[in-house]
Protein chains: 2
Amino acid sequence: MTTEVSTTGRPAVDGGLHSVLAALDVLDCFTDADELGVTDIARRIGVAKSTAHRLLTTLCARGMAEKNEETGRYRLGMKLHELGSLALQRNRVHQTALPLLQELHHLTGGTVHLGVPDGGQVIYLERLVSPTAAPAFARIGRRLPGQCTSSGKAMAAFDRRIAAAQARAGFTPLTTASISSSQGYASSLAQTRRQGFAVSIDEVALGLASVAAPVLAHDGSAWAAISVVGGSKQLRGDLDRPARLVRLAAQRLAWALGI
Amino acid sequence: MTTEVSTTGRPAVDGGLHSVLAALDVLDCFTDADELGVTDIARRIGVAKSTAHRLLTTLCARGMAEKNEETGRYRLGMKLHELGSLALQRNRVHQTALPLLQELHHLTGGTVHLGVPDGGQVIYLERLVSPTAAPAFARIGRRLPGQCTSSGKAMAAFDRRIAAAQARAGFTPLTTASISSSQGYASSLAQTRRQGFAVSIDEVALGLASVAAPVLAHDGSAWAAISVVGGSKQLRGDLDRPARLVRLAAQRLAWALGI
DNA sequence: AGCATGCGTTCCATTCAGCGAGACGATGGC
DNA sequence: GCCATCGTCTCGCTGAATGGAACGCATGCT
């Protein structure tokens with residue numbers, strides 16, 4: 001597995017600690033599938049079956065994974081939720097944004113998102129779903145390619161480091177409307193810069209649209225993005241008001257963070 | 001660290017995989033403190049400073065931990081939130097309960113909780129906070145000793161295995177009103193059995209009260225508990241209505257789960 | 001100012017923990 | 001009823017993980 005073994009006995013891999021990295025790779029496997037067997041995981045991470053079994057047993061011992069005794073297969077454990085909610089709760093951007101998001105949610109009545117950049121992708125820290133919104137979109141994951149989302153474009157338009165990371169990651173279109181060329185990407189970012197907010201219509205899922213504004217620090221780096229999601233038809237009809245509200249909320253968040 | 005080393009070269013510890021267990025222990029350290037330094041963590045988990053540093057570097061490489069470059073200390077990473085929300089989203093009890101919780105939240109107007117048993121403790125999977133509720137209680141963690149919470153008592157009253165686990169864990173009172181003796185515990189469970197729901201007044205935090213009902217399977221095991229939280233004064237004044245509603249919601253959840 | 005103590009990081013030789021291969025019994029689809 | 005495949009467990013070998021020591025750098029006390 002290791003691309004190269006150092007001449008010394010020291011771990012030569014990116015982050016060190018083979019078995020720990022392997023264990024974390026096991027957890028990553030579950031982003032694709034709900035439940036996985038030992039053999040399947042061994043194949044995915046490229047280790048022997050016995051090694052995968054040992055890793056899983058260890059993860060289960062700490063609640064990071066759970067075993068389905070009926071099928072003998074494994075799934076993610078609730079300890080992850082425990083630690084994950086702790087990590088979120090302590091995130092300063094999330095903490096600070098929450099009241100602002102609630103107000104925005106109240107004013108727009110739409111679904112509101114808070115996203116932060118991670119490489120070329122966007123991780124969503126918070127989502128306030130409107131009870132009237134179609135529950136069909138609730139299945140959306142927690143990490144999306146930046147070029148498809150309004151949040152990703154809002155951040156990339158004003159932060160060249162994020163734009164570079166997105167360009168480096170390449171284009172992975174989610175729908176037929178997703179940006180798939182560097183020309184389309186560049187013009188979309190230019191328009192975002194002109195307007196001060198980003199729009200994504202049908203680019204994540206058909207029938208779904210969103211408006212986002214970046215949370216910018218004084219040094220020009222984008223810390224986060226706030227977005228409002230709605231149906232493509234409704235949002236196209238009334239874009240100005242939500243756009244104004246997300247810009248205001250994003251600016252207030254930047255101010256509240258003191259950045 | 002290991003209590004005993006086997007005669008063979010095989011890992012003799014509970015779950016095997018020393019370095020993986022150590023890495024997960026590192027993550028557990030952060031339940032106490034927001035940010036920790038290398039030396040502090042090394043002391044806590046009982047390894048050399050260099051080992052703790054290596055573990056942290058590895059965790060950071062996968063986003064499970066993050067480094068505060070200003071202070072040089074470490075905190076939990078957002079990858080945990082990503083995997084944790086995935087684990088939660090896939091939890092069948094959580095999935096099934098969500099619409100029922102929303103209805104209960106709507107009917108009572110109070111803060112609604114969904115808790116599942118874990119040893120003698122209760123892990124809260126979902127919390128619907130009412131906008132009018134005092135935000136002071138939002139700081140409550142995600143894992144509480146079962147004897148103090150109405151959810152824990154509701155489950156223990158009808159599931160002897162959970163009661164045994166709670167008794168084994170001992171009494172860790174959170175306030176002066178918390179149950180601290182096995183007599184008080186037994187009579188509280190007996191009352192819960194008579195009523196069909198559990199009450200906790202000032203036992204988690206002074207001024208805070210809750211009513212809970214267990215989600216019981218046909219075999220008598222408690223899968224979860226649903227609770228409504230409110231101010232001690234309000235809830236003491238009107239206990240019947242919320243008690244009836246949580247019992248109904250819990251029964252409907254058991255039915256929906258087909259258990 | 002000077003010193004001392006603590007931090008996070010890096011290096012290195014030692015050795016024991018983790019590795020893969022293989023055997024085993026249980027399970028389930030054809 | 002068989003064969004393929006699953007999860008689990010054992011075992012000897014070896015190289016990856018370990019602890020200790022050294023380093024540079026803050027911080028705070030004298």
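Since we're looking at a predicted model, the values are computed, not measured. Chain letters run A, B, ... following the sequence lines, proteins first and then strands; every chain starts at 1.
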May I ask you to verify if any side-chain N or O of A:Arg54 is less than 4.0 angstrom from the OP1 or OP2 atom of C:dC19? yes

Does A:Ser19 reach a base, just sugar-phosphate, or nothing at all? Heavy atoms under 4.0 Å. sugar-phosphate

Is the ring pair A:Phe171/A:Tyr185 parallel, tilted or perpendicular, if the boundaries are 30 and 60 degrees? perpendicular

Distance, rounded to the nearest Å, where B:Leu56 contributes CG and C:dC7 contributes C1': 14 Å

Here the distance between atom P of D:dT18 and atom CD1 of B:Ile45, to the nearest Å, is 9 Å

For A:Asp40 and A:Val20, find the nucleotide of DNA chain D closest to each by heavy atoms; which residue's nucleotide sits nearer the 5' end? A:Asp40

Round to the nearest Å and state the distance from B:Lys49 atom NZ to D:dA21 atom P. 12 Å

D:dT8 OP1/OP2 closer than 4.0 Å to side-chain N/O of A:His53: yes

DNA chain D nearest-nucleotide lookup for B:Thr51 and A:Gly72: closer to the 5′ end is A:Gly72

Looking only at side-chain N and O atoms, does B:Tyr74 come under 4.0 Å of OP1 or OP2 in C:dC7? no

Rounding to an integer number of Å, can you tell me how far A:Glu35 CD sits from D:dC6 C1'? 14 Å

How many Å lie between CD1 on A:Ile41 and C1' on D:dC6, as a whole number? 13 Å

If I take atom CG in residue B:Leu21 and atom P in nucleotide D:dT18, what distance separates them, rounded to the nearest angstrom? 11 Å

From CA spacing to verdict: side chain to side chain contact (heavy atoms under 4.5 Å, CB included), A:Leu17, B:Thr57: CA-CA 9 Å; A:Leu17 276 286; B:Thr57 307; over 6 Å; no

Hey, is the side chain of B:Ser50 poking within less than 4.0 Å of OP1 or OP2 on C:dT9, counting only N and O atoms? no

Can you check the A:Arg73 CZ to D:dC6 P distance for me, whole Å? 11 Å

Atom NE2 of B:His18 to atom C1' of C:dT15: distance rounded to whole Å? 14 Å

Please determine whether a side-chain nitrogen or oxygen atom of B:Arg43 lies at a distance below 4.0 Å from atom OP1 or OP2 of C:dC7. yes

With side chains defined as the heavy atoms from C-beta onward, is the minimum distance between A:Asp34 and A:Leu76 less than 4.5 Å? no

In terms of side-chain geometry, is the basic nitrogen of B:Asp118 or A:Lys79 positioned less than 4.0 Å from the acidic oxygen of its partner? no

Considering only heavy side-chain atoms of B:Val47, the closest of C:dA17, D:dG7, D:dG19 is D:dG19

Qualifying residues under side chain to side chain donor-acceptor pair (under 3.5 Å), relative to A:His53, sequence neighbours excluded: none

